[in-house]
Student: 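Dumping the structure here so I can ask a few things about it.
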Amino acid sequence: MSSSDYSANDHKYMARALQLAKRGIATTQPNPRVGCVIVKEDQIIAEGWHEKAGLPHAEIMALQQAGGQARGATVFVTLEPCSHYGRTPPCADALIASGISEVVIAMQDPNPLVAGQGMQKLTETGIKVRSGLLQLQAEELNRGFVSRMTRGRPWVTVKLAASLDGRTAMSSGESQWITGSQARSDVQRLRAASSAVMTGSGTVLADDPSLTVRLDSVDWQPLRVVLDSHLSIPDSAKIFKDGQPLLIATVTAEDDDRFQQIKSHGIDIRPFPGKAGRVDSMSLLKCLAEDYSCNEVLVEAGSVVCGSMLADRLVDEIILYLAPVVMGSAAKGLFDIPGLDSMSQKIHLSVKDVRAVGQDWRFTVRPEYCM
C-alpha cells in the first residue's frame, strides 16, 4: 500500500511505534528492534517495545498492558508479527487470541521463518492486515537484521576520526586524541548499537584499545573482533585481559604453537581463508552472521583494513568525525586503496547526514554501490 492509503493518524501511531522500537537499539541483539501501539477509538490504549532477546516481544508487552481492552482494537507494529516458536511463542497467535480487529505493519519480516507467514495467519482468521506504512524507516532501524537475513552478512559501518587534512594518525602511529570528548562519547553510542566492533592488529599494537562500551546505561558488551593474520598481538594487550567477548580472526593454521597458546587461554580464535596474506573479510563477515548472529559490525581500524573492505565493496556506511586540526603530510590517511590511478576509478559516496558534535563535525556517508 502507498502512503496515501493511510490517514494522518495512521502515520502518527506508526511513528510512535518506531519511536518505541528505538529504545531497544542497544539491547535487542540479535533480535530486531520492534515497537507496538494499540489504538481504540482513536486513542492509544497500550504501548510496548522489545527490550531484550529472550524477553517478550513488543506485541506481547502491549497486549499485556491493554488487557481486555484489546478486543476490537487496531495494532500498529513496526515488524510483521512472528509466526513461529523461538525463545518465545508466536506473537501472531497472541494477537489472534486477544480479539484485535486490525493490524497495521511497517515492514515484512525478512526472516525466512516468518517472511509473510505471520500476516497470512492473521488474515486467515479474519483480522484485517495492512502493511508498508513507514516501511523505509522501519527497514533503516533494522538494517543490520535485514542484511543478515537477506545477504547473509552483517551491515558494516566504518568509523573514522580525521584531521581537516584527512589524517588519522601521525607517522609514528600516535592517534589519541584527534577529536574532542563529545565525539568520543558519540562513538560509545555507536558501539552500544553494534553486535560487534572490529579492528586490526595494527591498531591494537599502536593504541592498545579496549574497544568496550563505557556507558552506564548499557549492561552488555559487543563482540570484539581482531584481525590478526599472523598472531602478532602480545599477551599484554588489554583485549586479552578484560574478560569481555573477543574473537581473534587469523590466517595462521590451527596447529601453530601461538594459535594453540591463545586458544589455551580460553580465547575464541578461528582460522579463515587468506587473501593476499590477510584474513578474507567476506568469509569473516559471513561467519559473524551465521555463527555469532551479528546484525551490525562497527569497524574501528586503520587505513589498510578500512581501505581493503571499501575496495571489496563490503562497507555499507562510513561515519567520519572531522576535527578542526591539521596534522601534516607525513601523517597517515583514511583509506589505503592501491590501484586507483585515474579519476574514473574514484569511489563515489552519498552524504546522508552532517552535524556538529562538540567541536568536531560528523559526516555520515554511504558508498553509491550500496544505493
Side-chain angles (χ1 to χ4, degrees), residues 17-35 49-55 57-58 77-80 82 86-87 106-115 134-159 186-199 211 213 215 218 220-225 245 247 249 281-301 306 309-310 312-319 350 352-353 364-367 369-371:
L18 284 165
Q19 189 179 45
L20 291 167
K22 289 178 182 178
R23 294 184 181 180
I25 200 162
T27 59
T28 63
Q29 307 283 345
N31 290 354
R33 299 134 183 169
V34 184
W49 54 284
H50 183 43
E51 297 180 19
K52 192 174 184 180
L55 295 182
H57 290 183
V77 63
T78 59
L79 182 71
E80 175 186 5
C82 60
R87 296 189 191 184
M107 63 174 284
Q108 182 175 311
D109 194 333
N111 186 342
L113 295 175
V114 185
L134 300 185
Q135 178 178 330
L136 294 180
Q137 291 89 330
E139 290 174 345
E140 178 67 18
L141 181 61
N142 284 306
R143 60 196 189 182
F145 182 74
V146 172
S147 177
R148 178 162 67 91
M149 291 297 161
T150 61
R151 300 191 296 179
R153 72 163 180 85
W155 176 275
V156 176
T157 297
V158 167
K159 186 280 296 182
D186 198 54
V187 172
Q188 292 296 314
R189 289 186 283 273
L190 291 180
R191 289 181 183 176
S194 303
S195 310
V197 179
M198 182 189 298
T199 195
L211 298 178
V213 175
L215 294 174
V218 177
W220 74 287
Q221 291 293 333
L223 174 69
R224 282 95 47 86
V225 182
L247 168 64
S281 296
M282 178 57 89
S283 297
L284 173 57
L285 290 175
K286 286 187 176 296
C287 172
L288 290 176
E290 294 171 5
D291 296 347
Y292 297 86
S293 298
C294 288
N295 292 331
E296 288 108 354
V297 171
L298 180 66
V299 179
E300 298 187 44
C306 293
M309 293 189 74
L310 183 60
D312 289 342
R313 297 191 165 209
L314 296 177
V315 175
D316 299 304
E317 183 173 83
I318 299 167
I319 295 180
S350 177
K352 309 303 292 183
D353 183 73
T364 303
V365 301
R366 292 184 184 172
Y369 59 70
C370 293
M371 308 303 290

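Quick caveat: nothing in here was measured; it's all calculated off a predicted structure.
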Student: Can you give me the closest heavy-atom contact between R153 and R313, atom names plus distance?
Tutor: NH2-O, 4.1 Å
Student: Might you point out which heavy atoms bring V315 and I318 nearest each other, and give the distance in Å?
Tutor: CG1-CG1, 3.8 Å
Student: Please report the closest heavy-atom contact between P154 and L285, naming both atoms and the distance.
Tutor: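 Heavy atoms of P154 and L285 come nearest at CD-O, 3.2 Å.
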Student: With sequence neighbours excluded, what pairs up with E300 under the salt bridge (charged side-chain N to carboxylate O under 4.0 Å, His left out) test?
Tutor: K159, R191
Student: Under a 4.5 Å cut-off applied to non-hydrogen side-chain atoms, are V297 and V225 in contact?
Tutor: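 No. Closest side-chain heavy atoms not under 4.5 Å.
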Student: Using atom types as modelled and distance alone, determine if a side-chain donor or acceptor of Q221 lies under 3.5 Å from a backbone N or O of V213.
Tutor: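 Answer holds: yes.
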Student: With sequence neighbours left out, write down each residue that passes side chain to side chain donor-acceptor pair (under 3.5 Å) with S283, or none if nothing qualifies.
Tutor: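 Residues passing side chain to side chain donor-acceptor pair (under 3.5 Å) with S283: D280.
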Student: Quick one: does any side-chain atom of S195 pair with a main-chain N or O of E296 as donor and acceptor, under 3.5 Å?
Tutor: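 Yes, because the side chain of S195 sits within donor-acceptor range (under 3.5 Å) of the backbone of E296.
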Student: Kindly say whether G35 contributes a backbone atom to a donor-acceptor pair with the side chain of T78 at under 3.5 angstrom?
Tutor: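 Between the backbone of G35 and the side chain of T78 there is a qualifying donor-acceptor contact (under 3.5 Å).
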Student: What I'd like to find out is whether the side chain of L247 reaches to under 4.5 Å of the side chain of Y292, using heavy atoms alone.
Tutor: yes
Student: Under 3.5 Å, which donor-acceptor pairs link side chains of residues 20-28 to any protein atom two or more places apart or in another chain?
Tutor:
unit_1, atom_1, unit_2, atom_2, d
T27, OG1, E51, O, 2.5
T28, OG1, G24, O, 3.4
T28, OG1, N31, O, 3.0

Student: Step by step, would you call S293 with R148 a side chain to side chain contact (heavy atoms under 4.5 Å, CB included)?
Tutor: CA-CA 8 Å; S293 298; R148 178 162 67 91; 4.0 Å; yes
Student: Please give me the minimum heavy-atom distance between L310 and P367, naming the atom from each residue.
Tutor: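 Taking L310 first and P367 second, the nearest heavy atoms are CD1-CG, 4.0 Å.
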Student: Over all heavy atoms of both residues, which pair between A58 and H50 is shortest? Give the atoms and the distance, please.
Tutor: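 Answer, listing the atom of A58 first, then H50: CB-N, 3.7 Å.
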Student: Are any of the side-chain nitrogens in R143 or E317 under 4.0 Å away from the carboxylate oxygens of its partner?
Tutor: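 A salt bridge is present here (some side-chain N lies under 4.0 Å from a carboxylate O).
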Student: Is there a side-chain contact between Q188 and V218 in this structure, where contact means two heavy atoms from C-beta onward sitting under 4.5 Å apart?
Tutor: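 Result no, sub-4.5 Å side-chain heavy-atom pair not found.
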Student: Using a 3.5 Å distance criterion without hydrogens, assess whether the side chain of E80 forms a donor-acceptor pair with backbone atoms of D109.
Tutor: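 Yes, the answer is positive, given that a donor and an acceptor are paired below the 3.5 Å cut-off.
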Student: Can you see which heavy atom on A192 is nearest to which on W220, and at what distance?
Tutor: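 Shortest heavy-atom separation between A192 and W220 comes out as O-CZ2, 3.5 Å.
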Student: Return yes if some donor-acceptor pair links the side-chain N/O of D316 with the main-chain N/O of T157 below 3.5 Å, else return no.
Tutor: no
Student: Do the side chains of M282 and D312 get nearer than 4.5 Å, heavy atoms only?
Tutor: no
Student: Would you say the side chain of L288 lies within less than 4.5 Å of the side chain of L223, judging by non-hydrogen atoms?
Tutor: yes
